[in-house]
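Bear in mind that the values here come from a model prediction, so they are computed numbers and not experimental data.
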Amino acid sequence: MKDKFIKIISPIQLAVVGILDIAVIAYLIFAIAKLIHNPKTSIIFFAAGVAVALVVAVLVTKEVLTNGVIFHDDELEFTGMDSDNIFDYNDIIKVETEKDEKPSFVKNFVDRQSKIILTLKDEKVVTINIGITTKTTLEKIGDEIKRRIPELPQDKIVNNEPKSDE
């Protein structure tokens with residue numbers, strides 16, 4: 001099976017990064033225009049600082065656009081996490097997705113973030129917070145994980161739930 005990549009990017013994150021990139025480019029154009037008309041030391045330092053900001057902006061944009069889930073033949077990898085980001089399909093017995101979309105004026109951004117909850121064979125439950133994403137992206141990731149999980153043997157299923165080893 002071919003590797004598949006699903007980007008995890010929120011519309012808010014995309015808008016913020018886009019606005020910041022536009023602002024850095026505008027400042028760089030302003031600095032170069034000032035440098036051409038009046039080459040002073042202070043303007044050279046300003047232009048150099050904006051050039052460094054442009055490099056940082058490019059790296060941040062690259063990082064935002066490369067976060068997602070890579071589905072390999074036998075495992076999946078969450079690229080936005082630093083550690084414990086690879087899960088073997090054979091170790092996953094249950095996948096749940098959760099996204100709070102109820103209207104409220106008291107909830108903050110953390111309460112609105114999407115979560116993927118994986119139940120592993122050793123009865124360990126792993127909650128992966130993938131940030132503020134669209135429901136479509138969350139469902140796409142959840143469906144792809146469910147599609148790639150091998151079927152459990154029928155003697156391990158009770159009431160559509162895996163049987164515990166106790």
Could you check whether any side-chain N or O of [X] sits under 3.5 Å from a backbone N or O of [Y], counting only pairs where one atom can act as donor and the other as acceptor?
| X | Y | answer |
| --- | --- | --- |
| N85 | F78 | yes |
| Y89 | E75 | yes |
| T79 | T66 | yes |

Closest approach of [X] and [Y], non-hydrogen atoms and distance?
| X | Y | value |
| --- | --- | --- |
| D74 | D88 | O-OD1, 2.9 Å |
| T134 | K99 | C-CE, 4.1 Å |
| L120 | I93 | O-CD1, 3.7 Å |

Should [X] and [Y] be regarded as members of a common hydrophobic cluster, given that ILVMFWY residues are connected when their side-chain heavy atoms come within less than 4.5 Å of each other, either directly or indirectly?
| X | Y | answer |
| --- | --- | --- |
| V52 | L59 | no |
| V58 | V24 | no |
| F71 | L138 | yes |
| I25 | V50 | yes |
| L118 | I6 | yes |

Side-chain touch [X]/[Y], heavy atoms, less than 4.5 angstrom:
| X | Y | value |
| --- | --- | --- |
| I117 | V95 | no |
| I92 | T119 | no |
| K115 | I128 | no |
| I145 | F87 | no |
| I141 | I8 | yes |
| I9 | N67 | no |
| L14 | V64 | no |

Atom pair [atom1] ([X]) and [atom2] ([Y]), whose distance is rounded to the nearest 0.5 Å:
| X | Y | atom1 | atom2 | answer |
| --- | --- | --- | --- | --- |
| I43 | I32 | CD1 | CD1 | 12.5 Å |
| L28 | F46 | CG | CZ | 9.0 Å |
| T61 | L20 | OG1 | CG | 8.5 Å |
| K40 | I44 | NZ | CD1 | 11.5 Å |
| E77 | D3 | CD | CG | 10.0 Å |

*Is the number of heavy atoms from other residues, nucleotides or ligands under 6.0 Å of F5 CZ greater than 12?*
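Enclosed.
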
*asked:* Is it the case that atom NZ in K140 sees more than 12 heavy atoms from other parts of the structure closer than 6.0 Å?
replied: no

*Show your working on side-chain contact (heavy atoms from CB on, under 4.5 Å) between I86 and L76 and close with a plain yes or no.*
CA-CA 6 Å; I86 298 174; L76 65 114; over 6 Å; no

_Distance-only donor-acceptor check, side chains T133 and S114, under 3.5 Å_ = yes

*Please list all pairs passing the salt bridge (Lys or Arg N to Asp or Glu O under 4.0 Å) test where one or both residues lie in residues 4-14, with sequence neighbours left out.*
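Found K4-E144.
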
*Test Y27 against L54 for side-chain contact (heavy atoms from CB on, under 4.5 Å), laying out the working first.*
CA-CA 9 Å; Y27 270 115; L54 181 65; over 6 Å; no

